[in-house]
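Some notes on the structure that comes next.
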Protein chains: 2
Amino acid sequence: MNQEEILERLDKKGIKPTANRVLVYRALTESSRPQSLSGLEDALVTMDKSSIFRVLTLFLEHDVVHGFEDGRGVLHYELCGSDGECNMADSHLHFYCESCHESYCLEDIHLPHIDLPQGFTSHSVSFVIKGECPRCRASHR
Amino acid sequence: MNQEEILERLDKKGIKPTANRVLVYRALTESSRPQSLSGLEDALVTMDKSSIFRVLTLFLEHDVVHGFEDGRGVLHYELCGSDGECNMADSHLHFYCESCHESYCLEDIHLPHIDLPQGFTSHSVSFVIKGECPRCRASHR
DNA sequence: CTTTTTCTTGCAACCGGGTTGCAATCTACC
DNA sequence: GGTAGATTGCAACCCGGTTGCAAGAAAAAG
């Protein structure tokens with residue numbers, strides 16, 4: 001994704017494209033997997049942790065990215081594919097590798113529908129499978 | 001559950017029943033819902049946080065309790081029902097109330113089976129629905 | 001083009017859950 | 001009772017996340 005496309009995407013989501021915001025967006029596009037705050041800190045040495053955090057918070061509010069927990073309490077951020085309104089309902093499963101600490105989107109597996117007992121209201125769903133990814137499995141065998 | 005039963009349960013799991021361990025166990029039985037470390041700190045003012053933590057860690061290792069994350073990165077502990085070997089496979093869903101920060105066991109809803117893509121190995125599953133519990137829903141309406 | 005206002009950023013400090021080193025205490029066994 | 005090992009409390013630390021603040025950059029007003 002080139003500079004033009006990034007600027008356009010941020011504009012569509014209603015975000016003023018500062019240099020840092022473009023940097024964070026680019027770092028996310030350049031990674032094939034979702035990134036955590038600390039992963040982005042390593043990738044963006046010019047930026048302060050708090051600045052990255054604030055950009056990510058802004059991105060979350062504007063549905064530029066989605067966040068999910070990796071099952072240890074660490075938030076991972078993935079770019080939202082859609083251009084306009086984003087439909088969280090048909091969201092997919094994530095896998096967290098306990099060996100390399102990377103997370104994976106399992107796009108093909110979408111979240112099962114759950115009927116909650118009477119009185120419970122759902123705001124969001126956290127569903128992550130933890131284990132070992134193919135890469136790590138291969139490397140230490 | 002009385003003192004006798006607690007001692008017996010700990011013994012069956014291979015844990016020497018010190019006073020503190022019994023205290024933690026009792027606190028867990030007396031709560032109808034899973035507890036977090038900080039919840040137990042409030043309930044057990046005589047014990048130090050680190051002691052509670054070490055007891056819980058021991059309990060986890062001996063399958064006296066199970067832990068799950070509430071979707072904010074905080075671990076909640078629930079007593080394991082079984083006396084002997086505990087079968088994590090038929091584990092159930094949890095609900096976390098974002099309003100009162102309590103978690104609920106939805107015993108009736110067990111985790112769906114997921115077929116992972118080739119090469120991925122699952123060690124554990126983290127599946128929590130976040131939202132508002134009946135109690136909170138009722139209280140602010 | 002300068003001034004004013006607003007937004008954005010880096011720094012440092014803080015927060016809370018979790019974790020550890022260590023010395024003091026307790027327990028079990030001789 | 002005396003000693004070895006287990007258990008505990010305290011203080012300190014770790015790490016991800018978060019905030020207050022003052023400096024710097026950008027946009028709006030004059």
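Protein chains get the first letters and strands the later ones, always in sequence-line order, with residue 1 at the start of each.
Nucleotide D:dT7 holds its C1' atom 15 Å from the CG atom of B:Leu56, rounded to whole Å.
A:Ser103 approaches A:His76 most closely through the heavy-atom pair OG-ND1, 2.9 Å. Of all non-hydrogen atoms in A:Leu28 and A:Tyr77, the two that sit nearest each other are CD2-O, 3.8 Å. Listed here is the closest heavy atom pair of B:Gln35 and B:Ser31: NE2-OG, 3.1 Å.
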- Task: Under the side chain to side chain contact (heavy atoms under 4.5 Å, CB included) rule, what do B:Phe127 and A:Val128 come out as? Steps first, then yes or no, please.
- Result: CA-CA 6 Å; B:Phe127 192 2; A:Val128 178; over 6 Å; no

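Applying the side chain to side chain donor-acceptor pair (under 3.5 Å) criterion to A:Ser38, with sequence neighbours excluded, gives A:Ser36.
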Hey, can you pull the donor-acceptor pairs under 3.5 Å for the side chains in residues 95-102 of chain B, sequence neighbours left out?
residue  : atom : partner  : partner atom : Å
B:Tyr96  : OH   : B:Arg72  : NE           : 3.1
B:Tyr96  : OH   : B:Arg72  : NH1          : 2.9
B:Tyr96  : OH   : B:His101 : ND1          : 2.6
B:Glu98  : OE1  : A:His123 : ND1          : 2.9
B:Glu102 : OE1  : B:Arg33  : NE           : 3.0

Residues 46-54 of chain A, side-chain donor-acceptor partners within the protein, below 3.5 Å, at least two apart:
residue : atom : partner : partner atom : Å
A:Asp48 : OD2  : A:Ser50 : N            : 2.9
A:Asp48 : OD2  : A:Ser50 : OG           : 2.6

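Computed from C1' positions of five pairs at each end, the angle between the two local axes of the helix from C:dC1-D:dG30 to C:dC30-D:dG1 equals 10°, rounded to 10 degrees.
Atom CG of A:Asn2 and atom CD of A:Glu8 lie 9.5 Å apart (nearest 0.5 Å).
No donor-acceptor distance shorter than 3.5 angstrom exists from the side chain of B:His110 to the backbone of B:His92, with no hydrogens or angles considered.
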Scoring nucleotides 7-18 of chain C by protein non-hydrogen atoms under 4.0 Å (B base, S sugar-phosphate only, - none) yields SSBBB-----SB

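Within residues 22-35 of chain B, no residue has a heavy atom under 4.0 Å from DNA chain C.
In B:Glu107, the CD atom is crowded: over 12 heavy atoms of neighbouring residues, nucleotides or ligands sit closer than 6.0 Å.
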